[in-house]
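Below is one structure, written out as structure tokens, with a few remarks after it.
Chain naming here is simple, since letters A, B, ... match the order of the sequence lines and numbering starts at 1 in each.
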Amino acid sequence: MVPLAHVLTLSAALFVLGVAGFIIRRNVITIFMCIELMLNAVNLAFIGFARHLGSLDGQLFVFFVIVVAAAEAAVGLAIIIALFRNHESLTIDEIDSMKL
Amino acid sequence: MAVTLEKVPGQEERLILSMGPQHPSTHGVLRLVLELDGETVVRSVYDIGYLHTGFEKSFEDKTYSQCITLTDRMDYLSPLSNNLGFCLAVEKLLNLEVPPKAQWIRVLLTELTRIASHLVWLGTHAIDIGAMSVFLYCFREREEILRLFEMVSGQRMMTSYFRIGGLALEPPLGWLKRLGKIVETLPSRIDENEDLLTRNPIWMRRTQGVGVISAEDAIALSLSGPSLRGSGVSWDVRKNEPYSGYDKFQFNVPTRPEGDVYARYLVRLAEMRESIKIVKQAMEGLPEGPIRANAPHVVMPDRESMKTSIEALIYHFKIVTEGFHPPVGEVYQTIESPRGELGFYIVSDGSPKPYRCHVRAPSFANLQSLAKMIEGRLIADVVACIGSIDVVLGEIDR
Amino acid sequence: MDTSSDTAFFLGVTVVKVVVILWVLLTATAYLTWLERKVVAHIQSRWGPYRVGPHGLLQPLADGLKFLFKEDIVPADADRVIYWLAPFIAFTLAFLAIAVIPFGGSFSFHGHVIPFQITDLDVGLLFVLAVTSLGVYSIALAGWSSNSKYPLFGGLRSSAQMISYELSLGLALIGVLMITGTLSLRGIVEYQQQHGMWNIFKQPVGFLVYFTAAIAETNRVPFDLPEGETELVGGYHTEYSSFKFAMFFIAEYANMVTVSCVATLLFFGGWLGPLFGPPWLRTWLPVFWFCFKVFCFLFFYIWLRGTLPRFRYDQLMAFGWKVLLPVALLNILVTGAVVAASS
Amino acid sequence: MSENFTNCPVVDQLRELDPDAIEEVQEFRGEVTLFINRERIRAVCEFLRETPGLTFRYLSDLTAVDRYPLEPRFEVVYHLLSLESFQRIRLKVRLPGDDPRVDSVVPVWPGAEAFENEVYDLFGVRFEGHPNLRRLLLPEDWEGHPLRKDYPVQGEITRWP
Amino acid sequence: MVILFYIAAIVAILAALGVVLQKTPVYSALLLIVVLCSLAVIYLLLGAEFIAFIQVIVYAGAIMVLFVLVIMLLNARRETPGQGSRMARWLGGPLLVVFLAEIVLAAWRQFPGAASPPPLNAGPAAIGQLLFRSYVLPFEVTSILILVAILGAVVLAKKS
């Protein structure tokens with residue numbers, strides 16, 4: 001059986017990579033994808049704990065996270081499209097006003 | 001040629017799409033430049049000339065009889081209509097009366113041409129909208145009609161069968177019998193195709209309300225033929241300015257008020273049935289008599305008299321080597337080709353070659369309505385609209 | 001028998017099964033193209049392929065050779081990596097889905113009971129759905145990476161179309177799942193065996209919705225807009241040539257097979273059918289029934305192609321969202337009520 | 001071919017509108033040709049289209065003839081059709097060779113656009129007020145106008161690279 | 001089985017590195033799909049069959065399709081290198097490493113070695129039971145959330 005610590009390490013590594021990407025990337029879509037990466041890292045931790053504790057609740061949390069991620073992706077991408085329409089750019093540095 | 005559309009500032013996300021000249025459903029080498037917003041056409045420009053062969057210039061260097069072969073190649077789907085238009089124009093110039101039998105056979109053959117041409121239209125129009133089988137059914141039927149043309153003229157497509165003052169040859173024996181068979185089966189074959197399309201919900205959705213042209217617009221844009229009648233304007237040269245004895249035939253001019261693709265589709269289908277009616281009448285009432293006018297200086301003598309009569313031989317020599325001299329003047333003769341009003345404008349300076357011969361090609365004028373039809377609609381509608389005005393690029397570019 | 005030799009035997013059998021099934025599937029898809037050309041030709045009152053072999057039976061081979069030896073053209077500005085990747089994704093996914101499809105009962109071999117299936121997953125149906133849901137990438141990426149306008153349109157159209165119809169596709173199956181109470185494809189067939197009735201009689205609406213959505217998912221007439229050769233030239237594979245094109249081609253037909261298999265299993269009793277004759281026949285008849293049913297579906301596909309025109313993009317979307325989805329939801333509602341009332 | 005040809009009501013009505021509009025009237029094989037003053041062609045067309053009783057609403061054809069080496073060299077030819085009375089009429093405008101320009105009739109009939117483009121392309125006649133005068137059949141960079149009578153028919157021998 | 005976990009883990013980390021380092025958004029998206037799929041494999045190994053397939057169907061098959069679609073739609077090519085602040089560049093890396101080390105350290109200290117976990121029934125039936133009994137309120141709330149999200153997305157993406 002895979003030790004929980006290994007699962008958590010993988011989870012942490014993915015999360016940190018997500019954070020790093022969030023910081024260094026300039027493209028809005030890529031930044032958004034890095035957020036998804038972080039979400040997945042957390043999901044992995046949930047699944048690991050669910051296995052460790054022999055409880056299904058962790059898996060259910062993952063289920064909810066996936067569903068919320070879907071909603072988030074829909075809204076987020078809609079915002080990105082609206083941003084692109086108004087700014088003709090996807091670079092985060094050029095999108096600095098709160099206005100769409 | 002080589003038209004481009006500039007992007008409107010502030011609308012950079014719009015896409016400029018060059019549709020054609022190599023595209024499966026632009027019916028030849030039509031090129032459309034479309035400005036697209038998503039899949040919606042915002043602006044469009046058409047680009048023609050990829051098949052430009054300079055017929056109008058060539059006419060000026062050919063004797064009148066030689067010109068007939070050129071007219072075949074303009075609207076290559078209805079060569080006999082073109083032949084007829086040109087011959088009628090020259091006959092008008094010469095003030096030449098054509099014997100009734102020749103007139104009847106001309107009517108018969110041009111109506112068959114109309115059916116054949118409409119069959120090609122129906123097939124390609126259907127395949128544009130995705131119905132593949134109709135295409136092959138239509139070509140099967142058309143092939144039967146082309147065999148008839150081959151019997152009378154020796155050619156399937158580039159027939160050049162009509163001559164100034166009559167016909168080239170007597171139709172062969174057994175021709176009428178074969179024609180009778182085809183005429184018997186054709187209506188049921190058209191029904192078959194209609195079964196596949198007319199009441200088909202997908203077909204109706206794809207064609208109804210698409211590419212609407214009002215009657216006023218149709219007239220203003222010089223639309224003609226089935227496209228004009230699909231907008232509710234009842235104008236048919238055969239009916240309103242009868243030529244070649246059309247006034248002696250009973251037929252209706254089908255019109256539809258809607259002006260959409262579906263209306264044009266129904267009009268053409270109804271026209272095919274009317275054409276069959278005319279063909280039947282022409283078959284049954286085919287008069288006896290000569291097939292060429294009695295005008296020895298214009299019409300070639302037949303082989304028999306050439307062997308017995310010196311005058312015939314001399315006329316033959318003169319017509320072949322020099323041609324004939326029509327009076328100075330100019331005529332404009334229109335006929336109802338399958339695509340609409342086909343006009344020949346011939347200016348004569350008295351020499352054996354036309355000084356100027358202009359062809360009023362129906363597709364050339366009809367194509368202008370395309371922009372009005374497709375702007376604000378989807379790409380798929382563009383294809384349906386091109387099919388519905390039934391353009392032939394050979395005729396547009398001439 | 002010790003476990004290690006057991007495992008080795010299991011592995012060996014699985015490898016053999018994988019090879020056999022892959023071979024059968026590849027041949028089947030190749031001959032599906034032949035069948036399509038033949039059937040459509042007869043619908044259109046012509047002969048179809050007739051030159052290579054008797055009745056053109058070797059035509060698929062000739063086609064395959066042609067695809068292999070044709071020049072492979074890559075557009076100048078294409079994104080080469082993805083341009084290469086897209087047909088491979090299509091091909092792999094199309095063949096992956098077949099892994100969980102059972103196409104018969106089981107037979108015994110040297111005392112081992114071997115099922116006619118590569119692997120039986122508890123959630124086999126989910127596996128099929130998961131694999132087919134990834135299929136959209138191949139088309140979208142092919143359209144994007146060609147860096148050409150018609151493929152881009154084809155890719156965009158198909159992405160939107162597949163997302164829209166996948167919903168109805170999945171929801172249509174839920175009715176069956178509610179009745180049978182299992183996600184295992186083998187379990188669903190066994191349920192139908194126990195109750196002596198195919199699911200089609202209990203879920204006619206579900207079947208119709210599923211099959212309509214499946215035709216859309218596999219980009220076939222009348223939903224073949226991503227290809228739509230008379231509008232978009234060739235859609236997403238306009239710029240593809242040679243073997244990469246062949247991979248898309250094979251993938252499309254393999255997807256048709258998969259979809260037909262799932263329809264057979266879920267609604268038409270899978271391999272169930274009259275059994276008779278000696279034992280060996282009783283073992284192989286189910287396989288025959290299964291193949292026969294799948295063949296019927298494939299024939300229906302081809303029949304549609306010979307008959308119907310194509311939808312327009314907006315009509316397709318409207319149909320998916322405004323007709324198919326509500327019907328699927330309603331089907332679930334009614335099925336749920338019936339299941340709840342009867343339990 | 002007579003100057004005082006009056007068998008056509010159109011001619012009278014046009015003369016009433018503008019005595020200078022018609023330069024000459026011809027008839028051949030039952031077809032009436034009116035030579036219209038170059039400056040007045042658009043007004044005449046509008047009049048013919050709008051006037052009740054005439055209603056030449058349909059522009060059947062528009063083309064040109066090059067009478068080289070005569071002057072005025074070009075004739076722009078309009079064939080009009082009345083959809084109500086089934087009449088046809090031919091209008092002509094004579095244009096000099098050194099200044100071949102005439103008012104466009106696109107404002108009267110939008111359908112004239114392609115025809116005028118074609119005449120511009122093949123004859124080099126410029127139509128004033130045409131919304132988008134361009135080469136239609138020939139490439140943008142084509143030199144000369146092939147349907148002119150002085151256009152070299154032989155041309156140059158093309159050397160393929 | 002354990003080997004499979006490590007293979008999937010290495011694939012996931014490499015792909016995630018790719019997601020972060022790639023400059024072309026499409027490549028990032030594709031690599032993210034690889035991450036998602038390898039995570040699905042790990043879920044399978046950790047006894048979360050249902051979630052694994054949901055991950056592929058919903059995450060890889062639907063959400064990421066949206067991403068790819070938007071990238072195609074906006075035709076996002078290589079991004080232009082930005083001039084990030086220097087402090088972020090010098091401090092960010094080490095801080096992240098420290099952060100990672102902390103978590104890993106805590107995890108290893110808290111859960112040393114391979115414990116034999118209690119048996120787990122994670123079939124769709126069990127998940128369904130739990131979802132529609134204990135978690136029915138969150139379930140309903142998420143459905144409302146999705147509805148709101150759909151409306152929001154439509155309003156945002158609509159052309160003004």
Side-chain angles (χ1 to χ4, degrees), chain B residues 1-4 45-54 56-57 60-61 92-95 216-224 228 233-235 237 239-241 327-334 341 343-345 347-349 355-356 358-361 364-369 372 396-398, chain D residues 1 26-31 33 49 55 57-67 75 77-90 92 106-115 117-119 121-123 132 134-142 145-149 151 153:
Chain B
M1 258 175 91
V3 176
T4 50
V45 184
Y46 66 85
D47 187 10
I48 56 179
Y50 291 92
L51 212 58
H52 181 60
T53 24
E56 290 185 8
K57 190 77 176 173
E60 295 174 7
D61 201 39
K92 193 175 188 180
L93 188 66
L94 293 161
N95 217 355
E216 286 74 42
D217 284 341
I219 292 171
L221 286 167
S222 295
L223 222 63
S224 59
L228 181 66
V233 182
S234 175
W235 176 262
V237 186
K239 202 79 176 175
N240 301 330
E241 300 180 302
V328 178
E330 51 195 51
V331 289
Y332 181 63
Q333 172 69 43
T334 56
E341 184 169 314
F344 282 87
Y345 172 58
V347 181
S348 159
D349 60 347
Y355 183 77
R356 164 100 174 97
H358 171 71
V359 186
R360 191 267 186 210
F364 182 74
N366 290 355
L367 186 60
Q368 294 182 80
S369 63
K372 198 164 196 87
I396 291 175
D397 291 346
R398 298 186 300 276
Chain D
M1 291 190 200
Q26 286 182 357
E27 191 186 9
F28 181 74
R29 302 275 186 247
E31 294 179 2
T33 307
R49 194 191 66 169
T55 59
R57 282 193 294 154
Y58 191 85
L59 175 76
S60 177
D61 190 18
L62 194 162
T63 185
V65 181
D66 182 10
R67 295 286 184 183
E75 290 173 351
V77 188
Y78 306 78
H79 287 103
L80 309 187
L81 166 67
S82 165
L83 295 173
E84 282 75 27
S85 61
F86 308 166
Q87 265 186 318
R88 283 181 193 271
I89 193 170
R90 180 184 300 133
K92 277 193 179 183
V106 175
V108 189
W109 292 287
E113 190 177 332
F115 290 111
N117 265 333
E118 190 196 5
V119 170
D121 190 2
L122 302 176
F123 285 93
N132 178 24
R134 60 175 167 120
R135 290 266 188 193
L136 197 63
L137 299 170
L138 300 174
E140 296 278 297
D141 53 355
W142 190 270
H145 303 280
L147 276 185
R148 287 187 175 187
K149 288 285 180 184
Y151 187 82
V153 183

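Residue B/S234 does not touch chain D at all, counting heavy-atom pairs closer than 4.5 Å. For D/V77, the part sitting under 4.5 Å from any heavy atom of chain B is the side chain, from C-beta outward, and nothing else. For chain B, the nearby part of D/L62 is the backbone; its heavy atoms alone come within less than 4.5 Å. Heavy-atom distances place no part of D/D121 under 4.5 Å from chain B, backbone and side chain included. Proximity to chain D (any heavy atom under 4.5 Å) is restricted, for B/L223, to the backbone atoms N, CA, C and O. Contacts of B/E60 with chain D are made by side-chain atoms alone, with heavy-atom separations under 4.5 Å and no backbone atom involved. Proximity to chain D is limited to the backbone of B/I396, based on heavy atoms less than 4.5 angstrom apart. Contact of B/V331 with chain D is made through backbone and side chain together, with heavy-atom distances under 4.5 Å. Only the backbone of D/P146 comes within less than 4.5 Å of a heavy atom in chain B; its side chain stays farther off. In this structure, the portion of D/R90 lying under 4.5 Å from any heavy atom of chain B is its side chain and not its backbone.
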message = B/E330 vs D/V65, test: side-chain contact (heavy atoms from CB on, under 4.5 Å). Steps then yes/no.
response = CA-CA 11 Å; B/E330 51 195 51; D/V65 181; 5.8 Å; no

task = Would you please test D/F28 and B/L93 for side-chain contact (heavy atoms from CB on, under 4.5 Å) and show each step?
result = CA-CA 9 Å; D/F28 181 74; B/L93 188 66; 3.8 Å; yes

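In terms of heavy-atom pairs under 4.5 Å with chain B, the best-connected choice from D/W142, D/F115, D/F86 is D/F86. Per-residue heavy-atom pair counts under 4.5 Å with chain D were compared for B/L367, B/D349, B/N240, B/L221, and the maximum is reached by B/N240. Interface remark: of the candidates D/R88, D/R67, D/R49, D/E113, D/R88 forms the most heavy-atom pairs closer than 4.5 Å to chain B.
Ring geometry for B/Y332 against D/H79 counts as parallel: the plane angle stays under 30°, on a 0 to 90° scale with 60° as the upper cut.
Contact annotation: the side chain of D/D61 never approaches that of B/F364 to less than 4.5 Å [non-hydrogen atoms, C-beta and beyond]. Counting only heavy atoms from C-beta outward, the side chains of B/R360 and D/S60 approach each other to under 4.5 Å.
Atoms CG and CG, on D/L136 and B/D47 in that order, are 8.0 Å from each other to the nearest 0.5 Å. Taking CD from D/E31 and CD from B/Q333, the interatomic distance works out to 8.0 Å, rounded to the nearest 0.5 Å. Rounded to the nearest 0.5 Å, atoms CG (D/N117) and CD (B/Q368) are 8.5 Å apart. Atoms CG and CG, from B/L228 and D/L83 in turn, are 7.0 Å apart once rounded to the nearest 0.5 Å. Here the CD-NE2 distance, from D/E118 to B/H52, works out to 8.5 Å after rounding to the nearest 0.5 Å. Rounding to the nearest 0.5 Å gives a distance of 6.0 Å between OG1 of D/T63 and CD of B/E56.
With hydrogens and angles disregarded, a donor-acceptor distance shorter than 3.5 Å links the side chain of D/Y58 to the backbone of B/S222.
Taking the charged nitrogens against the carboxylate oxygens, B/R356 and D/E75 have no contact shorter than 4.0 Å, which rules out a salt bridge.
Around the NZ atom of B/K372, the shell of radius 6.0 Å holds no more than 12 heavy atoms that belong to other residues, nucleotides or ligands.
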